[in-house]
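Comments concern the structure below.
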Amino acid sequence: MVQFRKGWRFLPGLVFVLLGLILWRGLFLHPQQLPSMKVGQTIPAFKLPELEKGEFNSSQLYSTAKSINGYALLNVWASWCDACAQEQAFMMTLAKQGIPIFGLNYKDEVEHAKIWLNTWGNPYRAVGVDGDGEVAIELGVYGTPETFLIGPTGKILYRHPGLLTAEIWKMYFEPKMRG
Amino acid sequence: MLRKTLKCLLICFACMSWLNAYAETFTFQSDEQKHQFQQVLSELRCLVCQNQDLLESHAPLALDLKKRVYQLMASGKSNEEIESYLVERYGEFILFKPRVHPSTWILWFAPALFLLLGLGGILGWVKKGRAHV
């Protein structure tokens, strides 16, 4: 009975430590950065007009990812989005390395989008025009820029909300592209 | 004095009807439908301005999702179906009241758990005090 009572003494201390651990962990979470619900799923089927001519659809993404390279990126951008301009230099670097990048032009004007690509660079194999943002809703897009990594089976491996930088590429994309 | 008050009231009503303008751009078959629409929207979080609901937010994404919710409602989907549709794309975070699910158990039950632990601690301390009497 004496030992039992002694044990109770540590309870407030334990609760404090537990609470401290949980709150400490909470400092490093980013509630604004939502994990994508679509990770692990195949790209939702879509069909959009291509920026220059013709069509851009999900099967193109799917077949490119399945080809020799094994991966493809879908980058959501708009000419009115400042951060998109900031990441464009890095996108061009990735494209030069041979990474297939496709664009989803989100709630934009076609003419503005074309001028923007001439200004900031065009790393895209094709750009789908999602003028009303309907395809973006299917993907769970909630801001620009966003970049989706699509794997060899056509499944979405990762979604990065926000600016894509070399650090983020190394930290989140490269590990998913190995093995 | 009366004219001033009337003028003031007129401006107030004009502002209120402007605030309602976003609900007014959709046509409803009945008042119940309109209330259902507004109720569903008030339970959904705007992901851009994350402390606002979809009813009051003017963010472009909020307006798009409003349109989508309207389309789903017009096609006969229930509130639960509309919520599931959005959670499928945006996760539980889009609901102000996340559903009880293994992934949200900690969110729902941790406060109660801490309360019990705290009460247990107090009880043990009180009992210890009594034993010495």
Side-chain angles (χ1 to χ4, degrees), chain A residues 1-23 25-26 29-44 46 76 78 80-81 106-108 130-144 146 148 156 159 161-162, chain B residues 44-52 54 57 59-72 82-96 98 101 103-104 106-107 109-132:
Chain A
M1 205 51 200
V2 177
Q3 291 113 323
F4 179 71
R5 243 180 248 141
K6 265 204 181 139
W8 277 114
R9 215 179 284 176
F10 296 107
L11 186 61
L14 279 175
V15 171
F16 176 76
V17 170
L18 188 62
L19 197 57
L21 285 173
I22 291 177
L23 294 177
R25 177 81 187 93
L29 299 174
H30 299 281
Q32 291 86 4
Q33 298 219 317
L34 303 186
S36 169
M37 294 301 288
K38 294 293 164 184
V39 166
Q41 295 178 25
T42 337
I43 320 150
F46 64 82
V76 183
W80 44 258
C81 159
Y106 178 67
K107 293 175 74 72
D108 205 352
D130 190 12
D132 50 18
E134 303 253 312
V135 171
I137 291 180
E138 294 306 312
L139 289 163
V141 169
Y142 66 104
T144 47
E146 279 190 21
F148 290 82
I156 295 174
R159 184 271 298 268
Chain B
L44 296 169
R45 186 193 306 270
C46 171
L47 297 169
V48 181
C49 315
Q50 291 178 352
N51 287 322
Q52 276 194 311
L54 286 187
S57 176
L61 178 66
L63 300 178
D64 286 348
L65 288 178
K66 241 176 162 167
K67 216 182 355 169
R68 185 54 66 92
V69 168
Y70 175 77
Q71 289 165 351
L72 290 170
I82 295 173
E83 285 182 3
S84 292
Y85 178 91
L86 290 172
V87 168
E88 258 170 52
R89 287 152 181 77
Y90 293 101
E92 295 283 332
F93 191 62
I94 200 173
L95 303 176
F96 275 122
H101 199 261
S103 64
T104 57
I106 295 181
L107 177 67
F109 301 124
L113 186 66
F114 280 119
L115 185 66
L116 282 173
L117 285 175
L119 283 175
I122 293 173
L123 217 73
W125 181 74
V126 164
K127 275 209 178 119
K128 186 179 164 198
R130 291 239 179 93
H132 286 307

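When reading the values below, keep in mind they use all heavy atoms of this one structure, side chains included, and skip hydrogens, waters and symmetry mates. A note on names: the letters A, B, ... follow the listed sequences, proteins ahead of strands, and every chain is numbered from 1.
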Search all heavy atoms of B:Tyr90 against all heavy atoms of A:Val141 and return the closest pair with its distance.
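Result for this residue pair: OH-O, 2.8 Å.
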
How far apart are the closest heavy atoms of A:Met37 and B:Glu88, and which atoms are they?
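In this case the closest contact between A:Met37 and B:Glu88 is CB-O, 3.2 Å.
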
So B:Leu61 and A:Tyr106, do their side chains get closer than 4.5 Å, heavy atoms only?
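Answer yes - side chains close enough.
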
A:Asp132 vs B:Asp64 side-chain heavy atoms within contact, under 4.5 Å:
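A side-chain contact under 4.5 Å is absent here.
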
Chain B heavy atoms under 4.5 Å from [X]: which part of the residue, side chain, backbone, both or neither?
| X | result |
| --- | --- |
| A:Leu34 | side chain |
| A:Glu138 | both |
| A:Leu14 | neither |

Roughly how far apart are A:Tyr142 OH and B:Arg45 CZ, rounded to 0.5 Å?
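It comes to 12.0 Å.
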
Measuring from atom CG of A:Leu18 to atom CG of B:Leu113, what distance do you get when rounded to the nearest 0.5 angstrom?
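Between A:Leu18 CG and B:Leu113 CG, I get 8.0 Å after rounding to 0.5 Å.
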
Can you name the residues that form a salt bridge (Lys or Arg N to Asp or Glu O under 4.0 Å) with A:Lys38, not counting sequence neighbours?
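Expected list: none.
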
